[in-house]
Amino acid sequence: MTLTTRLDESSVSAAIVALTEALGDDNVITSAGELVDYRDPYDYKGSDEYTGAAVVTPEKVGDVQEIVRIANEFRVPLWTFGQGRNYAYGGPAPRVKGSIQLSFRKMNRVLDVDDELAYAVVEPGVRFQDLYDHLREGGYRLWPSIPDLGWGSVVGNTLDSGRGYTRYGDHPSTQCGMEVVLANGELLRTGMGGLSGSKVWHLFRESYGPNHAGLFFQSNFGIVTKMGVWLMRAPEVYVSGWATWRDDELVAGAVDALRELMFDGVITNQPLLGFGGPSESGRDPGQGGWMVRFALYGREPVIEAQYALVREALTRVGDVRVGRRDYRGDEERCGTTIHDDKVQGGVPGLELLEMFKRLNGEDAGHLDLSALGPLDGADVLASIRLRRELYDRHGLPYGAGIVLLQRSALHISPVVFDTRDEQATRAGYAAYNAMVEDLAKAGYPVYRTNIQSMDVVADQFDFGDHAQRRLNERLKDLLDPNGILSPGKQGIWPAHMRDGAL
């Protein structure tokens with residue numbers, strides 16, 4: 001899809017003036033020097049295509065409603081983000097140049113924690129690190145689920161269908177009860193929050209009637225201003241386990257064995273199957289080898305029995321080495337420097353980003369090619385071989401992390417390039433888009449993507465003459481008739497910006 005309209009600069013300027021009057025100078029950023037930090041960090045360094053005209057930083061829900069009112073008045077689009085740290089997917093950058101970027105970095109409060117019922121309520125600027133710190137400092141018996149990098153927004157990651165690695169690593173399923181500012185400025189509470197004073201808003205995920213929460217995942221239909229998040233009870237014992245091998249052929253048997261262990265409830269977290277990473281504490285065989293990490297949580301006698309079952313199942317596959325590291329005290333778990341142990345233990349960090357910079361340089365960028373396939377060993381192995389072929393075709397090195405979900409495998413492989421080199425950067429994006437299409441033809445859909453490839457990915461969902469996209473467009477036109485909320489997100493454009501619009 002091609003963007004067919006450009007923003008009226010006078011309307012944008014007038015909106016910025018109105019926003020400054022409403023929120024104050026401290027909450028509106030317009031200087032070129034500061035706006036550089038809000039571009040796509042993995043676009044080539046000379047590009048200004050994915051940049052905004054200003055950044056507005058609300059401090060409370062009423063500010064968000066006022067921002068929406070002003071955006072509607074001047075017909076100016078807003079691009080909303082929590083922290084904007086999801087660099088492989090575009091960071092904080094807007095799809096439409098000249099948009100006003102709405103940053104939630106100042107709405108960063110943990111509003112409530114219930115230690116008995118194991119949940120928290122957070123604003124969209126709360127980072128995983130913030131939530132972790134709050135739980136530690138408050139002495140709560142609770143762990144958050146953490147993705148590989150802990151600097152991002154809990155709400156933003158969840159709404160983008162992000163993943164972690166504890167028992168609660170399926171982040172969309174841990175959401176319970178959202179507050180949303182709609183495009184017309186109205187305030188909506190999803191689920192049981194529709195009852196004023198509800199005691200179960202953050203305890204029961206369904207609704208009376210249609211469940212509207214799903215409308216706000218990977219969409220531009222509203223702005224989430226708070227969210228309930230279910231948390232994991234701190235276990236008596238946490239075992240960070242791993243298995244390593246070198247032969248690709250063992251992947252199929254290992255995946256099938258892990259799937260059955262997950263079905264049996266022996267492994268309850270989301271294991272990660274990795275290839276081609278550097279050695280860490282002797283566990284990963286390094287370049288050219290495979291490693292799977294898994295975690296066990298609970299009481300010691302149960303853990304010992306579970307570990308024995310895991311060890312027996314994986315060594316039966318072939319020449320597989322299995323190991324573990326035990327954590328019984330919170331201080332020991334929190335003091336570890338081993339990335340795998342940290343993320344499976346709900347401890348945030350930035351080790352993966354630091355490792356990426358060491359391997360590829362400070363100016364390297366990357367796109368995460370994130371596609372789904374069945375949790376079937378033979379199919380996982382086939383998808384690995386297909387990706388090797390595709391990466392070889394484009395002259396790219398293949399490395400992967402494959403997250404084993406309940407019945408599917410999320411295969412993530414990076415496309416790496418030097419952001420100082422425009423040609424190399426453009427070639428990286430082009431290779432990524434071509435592989436999206438090739439994977440779709442093989443039945444492997446991409447489930448999230450960078451801002452520059454959103455239309456390419458949306459084009460692959462072609463069933464019923466793109467029935468999903470057409471439904472999304474009808475919803476967009478109904479809920480946001482002026483098209484002010486994140487136009488183009490996930491390939492959902494307002495009517496006046498679609499192909500053929502005037």
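Here, residue 1 is the first one in the sequence, and each next residue gets the next number.
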Ring-ring centroid check Phe356 His366, cutoff 6.0 Å: yes

Arg69/Glu66 salt bridge by N-O under 4.0 Å criterion: yes

Short side-chain donor-acceptor distance under 3.5 Å, His411 and Ser383: yes

Indicate whether the side chain of Asp48 and that of Thr51 have a donor and an acceptor atom separated by less than 3.5 Å. no

Does atom CD of Glu354 have more than 12 heavy-atom neighbours, drawn from other residues, nucleotides or ligands, at distances under 6.0 Å? yes

To the closest 0.5 Å, what do you measure between CG (Leu350) and CG (Leu149)? 6.0 Å

Could Arg385 and Glu389 be called an ion pair, given the rule that one side-chain N must be under 4.0 Å from one carboxylate O? no

Just checking Glu73: does its CD atom have more than 12 heavy atoms from other residues, nucleotides or ligands closer to it than 6.0 angstrom? yes

On the six-membered ring of Tyr50, is Arg39 placed so that its NZ or CZ lies under 6.0 angstrom from the centre and within 45° of the ring axis? no

So Leu359 and Met355, do their side chains get closer than 4.5 Å, heavy atoms only? yes

For Glu422 and Thr425, test the side chains for any donor-to-acceptor distance below 3.5 angstrom and give the result as yes or no. no

Cut-off 3.5 Å, side chains only: do Asn27 and Thr57 have a donor facing an acceptor? yes

Short question: side chain of Ser99, backbone of Val96 - any donor-acceptor pair under 3.5 Å? yes

To the nearest 0.5 Å, what is the distance between OG1 on Thr225 and CG on Leu188? 9.5 Å

Only one of Trp245, Trp242, Phe275 passes side chain to side chain contact (heavy atoms under 4.5 Å, CB included) with Met291; say which it is. Trp242

In Å and rounded to the nearest 0.5 Å, what is the CG to CG distance from Leu182 to Leu485? 8.5 Å

Side chains of Ser161 and His171: any donor to acceptor distance under 3.5 Å? no

Heavy-atom nearest pair, Phe74 first then Ser11, reads O-CB, 3.6 Å

For Gly483 and His496 the tightest heavy-atom approach is CA-CE1, 4.3 Å

Could you tell me whether the side chains of Ser10 and Asp8 share a donor-acceptor contact shorter than 3.5 Å? yes

Beyond-backbone contact of Val12 with Ile16, side-chain heavy atoms, under 4.5 angstrom: yes

Looking at Glu59, is its backbone amide N or carbonyl O close enough to the side chain of Asp63 to form a donor-acceptor pair, meaning the two atoms are under 3.5 Å apart? yes

Is there side-chain contact between Asn86 and Phe81, with at least one heavy-atom pair below 4.5 Å? no

Tell me, do Val415 and Tyr391 make a side-chain contact under 4.5 Å, heavy atoms counted? yes

Mind checking whether Ile384 and Ile402 have side chains closer than 4.5 Å, heavy atoms only? yes

Tell me the closest heavy-atom pair linking Ala183 and Ile484, and the distance in Å. O-CD1, 4.0 Å

Among side-chain atoms of Tyr432 and Thr449, is any donor-acceptor pair under 3.5 angstrom? yes

For Asp368 and Tyr87, run side-chain hydrogen bond (donor to acceptor under 3.5 Å, both in side chains): C-alpha distance rounded to whole Å, both residues' side-chain angles, the deciding distance at 0.1 Å, then the answer. CA-CA 10 Å; Asp368 280 343; Tyr87 285 5; over 6 Å; no

Flag this pair as yes if the NZ/CZ of Arg127 is under 6.0 angstrom from the six-membered ring centre of Tyr132 and inside a 45 degree cone about the axis; otherwise no. no

Where is the tightest heavy-atom contact between Ala120 and Leu131, given as atom of each residue plus distance? CB-CD1, 4.1 Å

When every non-hydrogen atom of Leu439 is compared with those of Ala371, the smallest separation belongs to CD1-CB, 4.2 Å

Give a yes or no on whether a salt bridge exists between Asp376 and Arg407, defined as a side-chain N under 4.0 angstrom from a carboxylate O. no

Can you give me the closest heavy-atom contact between Leu187 and Val61, atom names plus distance? CD1-CG1, 3.8 Å

Check this for me, if you would: do Arg293 and Asp148 make a salt bridge, where the nitrogen-to-carboxylate-oxygen distance has to be below 4.0 angstrom? yes

Would Asp477 and Arg474 pass as an ion pair if we require N to O under 4.0 Å? no

Would you say the ring centroid of Tyr429 lies under 6.0 angstrom from that of Phe417? yes

Okay, side chain of Asp340, backbone of Leu272: is any donor-acceptor separation there less than 3.5 Å? no

Polar contact flag, side-chain donor to acceptor under 3.5 angstrom, Arg75-Asn482: yes

Step-by-step salt bridge (charged side-chain N to carboxylate O under 4.0 Å, His left out) determination, Lys226 to Glu123: CA-CA 4 Å; Lys226 62 173 61 81; Glu123 292 182 322; over 6 Å; no

Step through the shown structure and confirm whether more than 12 heavy atoms of other residues, nucleotides or ligands are within 6.0 Å of CD on Glu49. yes

Within the structure provided, determine whether Leu381 and Glu249 are in side-chain contact (heavy-atom separation under 4.5 Å). yes

With the side chain counted from C-beta on, respond yes when Val403 and Tyr165 share a heavy-atom pair under 4.5 Å apart, and no when they do not. yes

Arg426 and Asp43: salt bridge (charged side-chain N to carboxylate O under 4.0 Å, His left out), yes or no, with the steps? CA-CA 8 Å; Arg426 292 293 170 234; Asp43 199 358; 3.1 Å; yes

Steps toward side chain to side chain contact (heavy atoms under 4.5 Å, CB included) verdict (Leu369, Val446): CA-CA 7 Å; Leu369 184 57; Val446 166; 4.1 Å; yes

Phe294 backbone acceptor or donor facing Gln344 side chain under 3.5 Å: yes

Are side-chain heavy atoms of Phe217 and Thr158 found at a separation under 4.5 Å? yes

Over-ring placement of Arg448 relative to Tyr89, 6.0 Å and 45° cut-offs: yes

Considering only NZ, NE, NH1 and NH2 on the basic side and carboxylate oxygens on the acidic side, decide whether Arg469 and Asp455 come within less than 4.0 Å. no

Checking Arg85 against Trp151: charged group under 6.0 Å from the ring centre and within 45 degrees of the axis? yes

Compute whether any side-chain donor of one residue and acceptor of the other, for Thr166 and Asn269, lie under 3.5 angstrom apart. no

